[in-house]
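Accompanying notes for the structure given below.
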There are 2 protein chains.
Amino acid sequence: MTRKPVERGDVIPLLGEIFREHGYAGASLSAITERTGLGKGSLYHFFPDGKDEMARVVLDDVADWFETQVFAPLRDSEDAAAGIDHMFRAVVQFFHSGRRVCLVGTFALDETRDRFAVEVQSYFSAWTRALASALRRRGLKTRHARETAEDVVAGIQGALVLARSQDDPALFVRAMKRLQQRTRAV
Amino acid sequence: MTRKPVERGDVIPLLGEIFREHGYAGASLSAITERTGLGKGSLYHFFPDGKDEMARVVLDDVADWFETQVFAPLRDSEDAAAGIDHMFRAVVQFFHSGRRVCLVGTFALDETRDRFAVEVQSYFSAWTRALASALRRRGLKTRHARETAEDVVAGIQGALVLARSQDDPALFVRAMKRLQQRTRAV
DNA sequence: TCTACGTTGTACCGATCAGTACATAACCCG
DNA sequence: CGGGTTATGTACTGATCGGTACAACGTAGA
């Protein structure tokens with residue numbers, strides 16, 4: 001029975017949840033210590049640059065997850081349609097059927113965007129480009145593929161807002177179903 | 001030349017911009033005094049309950065604007081298509097072609113939602129219901145009208161997120177054009 | 001002019017903010 | 001068993017947080 005197998009990597013998902021729920025400004029150090037169970041000593045040992053570094057690490061973690069689980073399959077899958085279907089499955093899973101909010105979307109809306117402008121910008125542009133690539137391989141013209149990709153990514157983000165505003169995860173799941181249908185009708 | 005025609009009503013739009021840019025948690029009293037030019041004395045004279053009351057008044061103001069400028073026309077306009085077109089024009093104007101963010105959407109994402117749960121919930125439900133009503137009068141079945149309305153409102157919110165993430169207002173305007181097109185193809 | 005009221009600036013409150021310092025403790029390797 | 005590194009709790013910093021108290025101000029009506 002090991003005492004505390006707490007590694008830096010273990011707290012990253014917890015930090016993600018905190019930033020999602022409170023936003024960057026609202027995520028106080030006290031909320032972070034409470035949720036992670038780590039004192040300030042440990043926190044600043046793992047993340048010497050404080051809150052800024054914590055958020056950056058989380059953003060990086062999210063970007064990595066989407067790159068391997070969503071973007072790469074969209075770009076590289078032999079069957080483009082399968083890659084897209086896989087995206088929707090991954091998205092529903094990642095956002096806990098609409099109960100979880102998009103960290104990057106949260107950061108994008110308020111002044112936090114300025115602090116993490118590059119990360120926020122590249123997350124969404126990578127997503128739309130990867131999806132557009134899959135749609136092109138499904139036969140859509142370049143322009144139409146890019147437009148549809150933007151609509152779908154925006155639709156996902158908006159559905160998260162709407163589902164949370166109504167406290168109704170089912171709304172999100174239904175919206176994903178319809179967006180998926182739209183990518184099939186080519 | 002009157003000295004200071006500052007009335008309570010004059011500061012509400014300013015408060016709106018502050019909450020939009022910083023979110024509720026990030027909108028500090030010092031930011032508010034700076035932006036409005038009003039000291040704490042005046043601020044707490046006009047809004048005795050402090051930040052909470054300020055945000056509530058702003059939410060109310062926004063809800064009123066949308067009710068009269070968007071929802072009512074959607075519901076009551078003889079020509080449903082004209083009501084919908086009017087909505088898109090009003091939306092592009094209100095959100096400054098995507099340069100401005102949705103206050104209610106911002107509040108919906110983080111824990112601020114709990115504080116203003118009722119206001120946030122009713123804003124979006126009023127919007128989707130009003131739009132669904134117009135779509136029904138355009139000939140869509142009840143269910144299809146409601147689904148399309150949810151897609152459109154979510155699409156608007158998502159487009160705001162995306163446009164801001166890319167610092168590209170044109171993205172928002174193009175997305176509105178396409179959503180409008182979708183409401184025409186019945 | 002005098003008074004009454006709406007408005008304002010300023011000083012102050014305790015609480016909390018992010019971040020630092022540092023002594024101690026737990027751990028790993030020899 | 002050492003000894004060195006890693007991790008952690010605690011106490012502290014100055015700044016800022018939201019909010020209150022209150023005296024002084026401006027103006028309007030009598």
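Only heavy atoms go into these numbers, but all of them, side chains included; no hydrogens, no water, no symmetry mates. A, B, ... follow the sequence lines: proteins, then strands. Residue 1 opens every chain.
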(message) Is there a side-chain contact between Ser30(A) and the phosphate of dT16(C), meaning an N or O under 4.0 Å from OP1 or OP2?
(response)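 No, because none of the side-chain N or O atoms of Ser30(A) sits under 4.0 Å from OP1 or OP2 of dT16(C).
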(request) Please determine if a side-chain N or O atom of Ser28(B) lies less than 4.0 Å away from the OP1 or OP2 oxygen of dC17(D). (result)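 Looking at the OP1 and OP2 atoms of dC17(D), one of them is under 4.0 Å from a side-chain N or O of Ser28(B).
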(request) Taking atom CD of Glu53(A) as the centre, report whether more than 12 heavy atoms of other residues, nucleotides or ligands fall under 6.0 Å from it. (result) yes
(message) How about CZ on Arg184(A), more than 12 heavy atoms from neighbouring residues, nucleotides or ligands closer than 6.0 Å, or not?
(response)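 Yes, enclosed.
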Between [atom2] on [N] and [atom1] on [X], what's the gap in Å once rounded to a whole number?
X: Arg8(B); N: dT8(C); atom1: CZ; atom2: P; value: 13 Å
X: Phe47(A); N: dT6(D); atom1: CZ; atom2: P; value: 16 Å
X: Glu7(A); N: dC27(C); atom1: CD; atom2: P; value: 13 Å
X: Leu38(B); N: dT7(C); atom1: CG; atom2: P; value: 11 Å
X: Lys51(A); N: dC17(C); atom1: NZ; atom2: C1'; value: 9 Å
X: Ile32(A); N: dA18(C); atom1: CD1; atom2: C1'; value: 10 Å
X: Lys40(B); N: dA21(D); atom1: NZ; atom2: P; value: 13 Å
X: Leu43(B); N: dA21(D); atom1: CG; atom2: P; value: 17 Å

(request) Could you label the plane-to-plane angle of the Phe94(A) and Phe66(A) rings as parallel, tilted or perpendicular, counting under 30° as parallel and over 60° as perpendicular? (result) perpendicular
(request) Give me the ring orientation class for Phe124(A) and Trp127(A): parallel if the planes are under 30° apart, tilted from 30 to 60°, perpendicular past 60°. (result) parallel
(request) Indicate yes or no for a side-chain donor-acceptor contact from Lys40(B) to the backbone of Leu29(B) under 3.5 Å, with no hydrogens or angles considered. (result) no
(request) Taking only the side-chain heavy atoms of Phe46(A) (C-beta and beyond), determine which of dA18(C), dT8(D), dT10(C) contains the nearest atom. (result)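 Given the options dA18(C), dT8(D), dT10(C), the side chain of Phe46(A) is closest to dT8(D).
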(message) Quick check for you: among dT8(C), dG18(D), dT8(D), whose closest atom lies nearest to any side-chain atom of His45(A)?
(response)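 Nearest to the side chain of His45(A) among the choices is dT8(D).
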(request) Report which part of the nucleic acid Ala31(B) touches: base, sugar-phosphate, or nothing (heavy-atom distance under 4.0 Å, all strands). (result)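 No contact at all - Ala31(B) keeps every heavy atom at 4.0 Å or more from the nucleic acid.
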(message) I want to confirm an ordering. Mapping Gly41(B) and Leu29(A) to their closest nucleotides on DNA chain C, which one lands closer to the 5' end?
(response)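 Result: Gly41(B).
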